[in-house]
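First the structure, in the form of structure tokens, and then the observations on it.
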Amino acid sequence: MGWHREPLVGSDPETTGTDPCEARTVAGTVSEVGDGGRPGRRERPAGPGAPIPADAVHAGAAAA
């Protein structure tokens, strides 16, 4: 059985910037696919404890 037939999990963190030493997590998503069942998705907001810079917000997030 190949790896592509096994259940897979992916993650997508949303942060306040691109510098890993300075950026804080704003939200995160974990998506589960495979295993012949329905795909799963979990989203969790997080309080970054700092303002979110305007240039860190993209059009997709503004529409959500």
Side-chain angles (χ1 to χ4, degrees):
M1 181 179 286
W3 65 267
H4 62 286
R5 298 192 185 273
E6 296 290 324
L8 301 173
V9 175
S11 64
D12 178 24
E14 300 294 334
T15 65
T16 58
T18 58
D19 181 350
C21 295
E22 298 291 326
R24 294 177 183 240
T25 301
V26 175
T29 300
V30 175
S31 299
E32 307 163 64
V33 295
D35 195 22
R38 293 183 58 148
R41 178 178 172 150
R42 296 187 179 129
E43 295 182 37
R44 296 287 186 256
I52 301 170
D55 62 346
V57 178
H58 55 80

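Note that the coordinates shown come from a computational prediction; the quantities given were computed from them, not determined experimentally.
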Contacts of R42 meeting salt bridge (Lys or Arg N to Asp or Glu O under 4.0 Å) (sequence neighbours excluded), chain-then-number -> E32

Report the distance from atom CZ of R41 to atom CG of D12, rounding to the nearest 0.5 Å. 8.0 Å

Could you pull out all residues at least two apart from A23 that satisfy side-chain contact (heavy atoms from CB on, under 4.5 Å)? T15, T16

Can you tell me how far CD of E43 sits from CD of E14, rounded to the nearest 0.5 angstrom? 9.0 Å

